[in-house]
Novice: 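Here it is, the structure in full.
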Amino acid sequence: MRPLAALCGLAIACAHRGPPAAPAAPPARIFEPRPAAEVAAVKNPHAFQGKPLCQRCHEPSGPLVADPVALCRQCHRFGHGNHPVDVVQKGDAKGLPLLAGGRVACHTCHDPHRVAPRSGLRKPFDDLCRSCHRGH
């Protein structure tokens with residue numbers, strides 16, 4: 001059994017932990033937002049003034065404003081000949097980024113921050129396909 005003094009000391013130590021923690025600071029900004037009219041007038045947000053126009057897809061603190069595939073569909077049409085998205089990659093994607101649950105997204109093959117020369121593929125075309133499709 002513990003002495004009463006030890007219990008009192010414990011109670012005092014617990015009751016006097018010091019001032020409450022300061023409120024969390026707002027998230028740091030990754031970029032400065034541009035005026036909405038300027039953003040709306042940009043035809044290619046991937047290559048705005050030689051670099052991506054961040055706020056078209058990102059919050060100022062960094063996270064995406066919507067699902068990555070939904071963001072791509074705002075500007076890009078998906079049709080015959082496009083790789084399916086939201087399908088589960090069954091094997092290793094050899095370092096390519098996937099969505100939660102191993103689902104393929106546009107950014108699995110394309111780097112939205114580097115679209116030069118034209119398609120922004122993460123690897124040369126044949127190497128990219130072989131990253132997931134063995135024997136092709």
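Counting from 1, the numbers follow the sequence of the chain as shown.
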Novice: Atom OG in Ser131, atom NZ in Lys123: separation rounded to 0.5 Å?
Specialist: 2.5 Å

Novice: How long is the span from the CG atom in Leu121 to the CZ atom in Arg114, to the nearest 0.5 Å?
Specialist: 10.5 Å

Novice: What are the two closest non-hydrogen atoms of Leu98 and Ala93, and how far apart are they?
Specialist: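 Reported closest heavy-atom pair: CD1-CB, 4.0 Å.
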
Novice: Test of understanding: clusters of I, L, V, M, F, W, Y form through side-chain heavy atoms closer than 4.5 Å, transitively. Do Val88 and Leu96 belong to the same one?
Specialist: no

Novice: Without swapping roles, check the side chain of Ser61 against the backbone of Ala28 for a donor-acceptor pair under 3.5 Å.
Specialist: no

Novice: Please confirm whether the backbone N or O of Cys132 pairs with a side-chain atom of Arg134, one donor and one acceptor, at under 3.5 Å?
Specialist: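 Confirmed, Arg134 side chain pairs with Cys132 backbone.
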
Novice: Once the angle between the rings of His58 and His113 is folded into 0 to 90°, is it parallel (under 30°), tilted (30 to 60°) or perpendicular (over 60°)?
Specialist: parallel

Novice: Out of curiosity, Arg56 CZ to Leu71 CG, how far, rounded to the nearest 0.5 Å?
Specialist: 10.0 Å

Novice: Under the side-chain contact (heavy atoms from CB on, under 4.5 Å) rule, what do Leu99 and Val85 come out as? Steps first, then yes or no, please.
Specialist: CA-CA 10 Å; Leu99 293 174; Val85 293; over 6 Å; no

Novice: Would you compute the distance between atom CD of Gln89 and atom CZ of Arg103 and round it to the nearest 0.5 angstrom?
Specialist: 13.5 Å

Novice: Is any side-chain heavy atom of Arg122 closer than 4.5 Å to a side-chain heavy atom of Pro97?
Specialist: yes

Novice: Taking all non-hydrogen atoms of both residues into account, name the closest pair between His107 and Pro112 and its distance.
Specialist: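 Taking His107 first and Pro112 second, the nearest heavy atoms are CB-CD, 4.1 Å.
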
Novice: Give me the atom names and distance for the closest heavy-atom approach of Leu128 to Cys109.
Specialist: CD2-CB, 3.6 Å

Novice: Would His46 and His76 count as a close aromatic pair, with their ring centres under 6.0 Å?
Specialist: yes

Novice: Please step through side-chain contact (heavy atoms from CB on, under 4.5 Å) for the pair Arg34 and Phe48, ending with a clear verdict.
Specialist: CA-CA 12 Å; Arg34 298 189 169 274; Phe48 173 70; 3.2 Å; yes

Novice: Measuring from Glu59:CD to Phe31:CZ, what's the distance to the nearest 0.5 Å?
Specialist: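 Reported value, rounded in 0.5 Å steps: 8.0 Å.
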
